[in-house]
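Comments concern the structure below.
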Protein chains: 2
Amino acid sequence: MSPTDPATADGAEAPEVEAATKNLVFNAAERLFALNGFQNVSVRDITAEAGVNLASVNYHFGSKDALLFEIFRRRTVELSRDRAKMLHEAADRHGGNPPVREILTALFAPVLRWLSPGHERRVSLQFLIRARSEGTQEMRDVLRTDVSHLRRFSDALIAALPQLPPEEVYWRVHFALGMIHQNRFAELDRLNVLSEGITREDDIDGLLKRMVDFAEAGFLA
Amino acid sequence: MSPTDPATADGAEAPEVEAATKNLVFNAAERLFALNGFQNVSVRDITAEAGVNLASVNYHFGSKDALLFEIFRRRTVELSRDRAKMLHEAADRHGGNPPVREILTALFAPVLRWLSPGHERRVSLQFLIRARSEGTQEMRDVLRTDVSHLRRFSDALIAALPQLPPEEVYWRVHFALGMIHQNRFAELDRLNVLSEGITREDDIDGLLKRMVDFAEAGFLA
DNA sequence: AGCGTCAAGAAACGCGCGTTTGAAGCGGGC
DNA sequence: GCCCGCTTCAAACGCGCGTTTCTTGACGCT
């Protein structure tokens, strides 16, 4: 039988002292999937990149799909935790009812921090963005069904905008999420071509301010 | 040899009096690709759905990838034409310098019109949205490189917002495009779950107004 | 009638894929 | 010293895929 259950590997967030092969596979897979898409990366590609045996994926994770889902699950939890923490801190600072701008910052900032060049979660973010459109049925079911984390943000926004019908708030959350998901490599490339290079995507603080400015104005409209 | 060059098939936009098989393949492929993703649909699926022989794809289009690109190319041209026409009309109405709201309407409206339930281009739109992330290298090269159509919109917005640095305008165009691309089946489903069904995605006019309101406020911020 | 051309059909080819198998290596525990 | 569990390894299996090949049919022309 295979030890797929323990799930002790943790891509680069702890020194690979234990289950080194599992971590090598995890990290190689995440990077290749993020760069080339899920269907364009074979188990052979992954194990070659990781420098391990072909059978390692099935031995340590059960199947290619299970490996994909494991990466997805771990990064999703991690990102949600970052966001929830920021929202919580903003709530603490404002007696439980943070203003729109701070809610949006909590929604955007973790993503943009991960996106920054050199950040160790940069490929994780591209992986997660890819999962929305290319993911397995299981991933997309999770994305569609599990909105509990998102609901904290919509609830906070409804409280912060009492004059706005909730229906309107939901739509605007939808728009704001679209703004985030646009930050794929391909779309940032396209923006670079369109603007002839004057948009600097590595200015993450500037980008955060730009996104919050745009979205805040949209919410207050 | 195969008659891949004529390219006279035109999915449902003319009665299938000529090259009936080619049209059947084109339409079946577009629908299946839009619904299930590019890599999850085989040539056998397409020909079975169309009720034609397995070899038809290669005979009429050369290859599966060429068929994909043909669909992509035709729908891209069609959508760009719709958008350019609306922008041109808006310019005519305002002596060459349309206001922000009308530029954004020209950017959004054709997409939303295609998206409306029952519209014959509804699946075409989902196909095009999928092409951004799942498309072949050839498609993504076109998307990244060919920004000529988009530049008309950014130029118009720069002219309409003379006090705003062009860099800022480009970023906001980027955000606005993200808002559009969020309108995939999966994301609309998710919104429905989040809002517990109070968001009505079939109210296309309402959605257009919502999107333009949000984006206009963002651009004027 | 005979021929040339184009479309449709049936069957197979070859390849790359995810996965499985069974053997070999390598520890620590009795 | 020997066994036992866990991990690694090389090799192969079986399958579905895109594509090709060759045959058959349909139709217009002289």
Side-chain angles (χ1 to χ4, degrees), chain A residues 1-10 16-30 32-33 36-72 134-139, chain B residues 1-10 16-30 32-33 36-72 134-139:
Chain A
M1 303 315 129
S2 68
T4 61
D5 331 84
T8 47
D10 45 6
E16 44 269 32
V17 291
E18 188 184 358
T21 299
K22 190 168 183 179
N23 282 333
L24 286 172
V25 169
F26 186 101
N27 292 327
E30 182 179 37
L32 289 181
F33 284 142
N36 305 113
F38 297 163
Q39 312 264 12
N40 298 319
V41 175
S42 68
V43 171
R44 283 165 178 82
D45 292 334
I46 296 168
T47 51
E49 174 87 2
V52 301
N53 188 268
L54 170 61
S56 302
V57 166
N58 292 277
Y59 179 76
H60 284 286
F61 295 93
S63 69
K64 182 191 181 185
D65 276 4
L67 165 60
L68 265 168
F69 190 74
E70 170 84 9
I71 302 172
F72 168 77
E134 303 172 50
T136 61
Q137 188 60 48
E138 195 179 10
M139 290 188 206
Chain B
M1 305 313 129
S2 69
T4 61
D5 331 83
T8 48
D10 45 6
E16 44 268 32
V17 292
E18 187 184 356
T21 298
K22 190 168 184 180
N23 282 333
L24 287 172
V25 169
F26 186 101
N27 292 326
E30 182 179 37
L32 289 181
F33 284 141
N36 305 111
F38 296 164
Q39 313 263 12
N40 299 317
V41 175
S42 68
V43 172
R44 283 166 176 81
D45 292 335
I46 297 168
T47 51
E49 174 87 2
V52 302
N53 187 268
L54 170 62
S56 302
V57 166
N58 292 277
Y59 179 75
H60 283 287
F61 295 93
S63 70
K64 183 192 179 184
D65 276 4
L67 165 60
L68 265 168
F69 190 75
E70 169 84 9
I71 302 173
F72 168 77
E134 303 172 51
T136 62
Q137 188 59 48
E138 194 180 10
M139 290 188 206

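In what follows, every heavy atom counts, from backbone to side chain, and hydrogens, waters and symmetry copies are set aside. Each chain gets a letter, A, B and so on, in the order its sequence line appears, and its residues count up from 1.
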Next item on the list: Kindly write out the residues that satisfy side-chain contact (heavy atoms from CB on, under 4.5 Å) with Ala50(A), not counting sequence neighbours, or none if the list is empty.
Entry: Leu24(A), Ala28(A), Val52(A)

Check: Under the side-chain contact (heavy atoms from CB on, under 4.5 Å) test, which residues partner Leu54(A), sequence neighbours left out?
Finding: Val43(A), Arg44(A), Thr47(A)

Check: Is the phosphate of dA7(C), meaning OP1 or OP2, less than 4.0 Å from a side-chain N or O of Ser56(B)?
Finding: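 No, because none of the side-chain N or O atoms of Ser56(B) sits under 4.0 Å from OP1 or OP2 of dA7(C).
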
Margin query: Tell me whether the side-chain N/O atoms of His60(B) come closer than 4.0 Å to OP1 or OP2 in dA8(C).
Written below: yes

Side chains of [X] and [Y]: closer than 4.5 Å at any heavy-atom pair?
X         : Y        : value
Val25(B)  : His60(B) : no
Glu138(A) : Asp65(A) : no
Leu67(A)  : Ile46(A) : yes

Item checked: Polar contact flag, side-chain donor to acceptor under 3.5 angstrom, Asn53(B)-Ser56(B) ->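 The criterion, which ignores hydrogens and geometry beyond distance, is not satisfied for Ser56(B) and Asn53(B).
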
Next item on the list: Please state how far atom CZ in Phe61(A) lies from atom P in dT19(C), giving the value in whole angstrom units.
Entry: 13 Å

Checklist line | Between dT19(C) (C1') and Asn53(A) (CG): distance, integer Å | finding: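 Going from CG in Asn53(A) over to C1' in dT19(C) covers 13 Å.
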
Notebook entry, point to check: With sequence neighbours excluded, what pairs up with Phe38(A) under the ring pair (Phe, Tyr, Trp, His ring centres under 6.0 Å) test?
Noted result: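 Partners of Phe38(A) by the ring pair (Phe, Tyr, Trp, His ring centres under 6.0 Å) criterion, ordered by chain and then number, come out as Phe33(A), Phe127(A).
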
Notebook entry, point to check: Using the C1' atoms of the five pairs at each end, what is the angle between the end axes of the helix from dA1(C)-dT30(D) to dC30(C)-dG1(D), to 10°?
Noted result: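 Computed angle between terminal axes is 20°.
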
Check: Who pairs with Glu49(B) by side chain to side chain donor-acceptor pair (under 3.5 Å), at least two apart in sequence or on another chain?
Finding: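 Per chain and number, Glu49(B) pairs via side chain to side chain donor-acceptor pair (under 3.5 Å) with Arg31(B).
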
Polar atoms only, N or O, under 3.5 Å: list the protein pairs with nucleotides 14-20 of chain D and their distances.
{"from": "dG18(D)", "atom 1": "OP1", "to": "Lys64(B)", "atom 2": "NZ", "distance (Å)": "2.7"}
{"from": "dG18(D)", "atom 1": "OP2", "to": "Val43(B)", "atom 2": "N", "distance (Å)": "2.8"}
{"from": "dG18(D)", "atom 1": "N7", "to": "Arg44(B)", "atom 2": "NH1", "distance (Å)": "2.8"}
{"from": "dG18(D)", "atom 1": "O6", "to": "Arg44(B)", "atom 2": "NH2", "distance (Å)": "2.9"}
{"from": "dT19(D)", "atom 1": "OP2", "to": "Asn58(B)", "atom 2": "OD1", "distance (Å)": "3.3"}
{"from": "dT19(D)", "atom 1": "OP2", "to": "Lys64(B)", "atom 2": "N", "distance (Å)": "2.7"}
{"from": "dT19(D)", "atom 1": "O5'", "to": "Asn58(B)", "atom 2": "OD1", "distance (Å)": "3.4"}

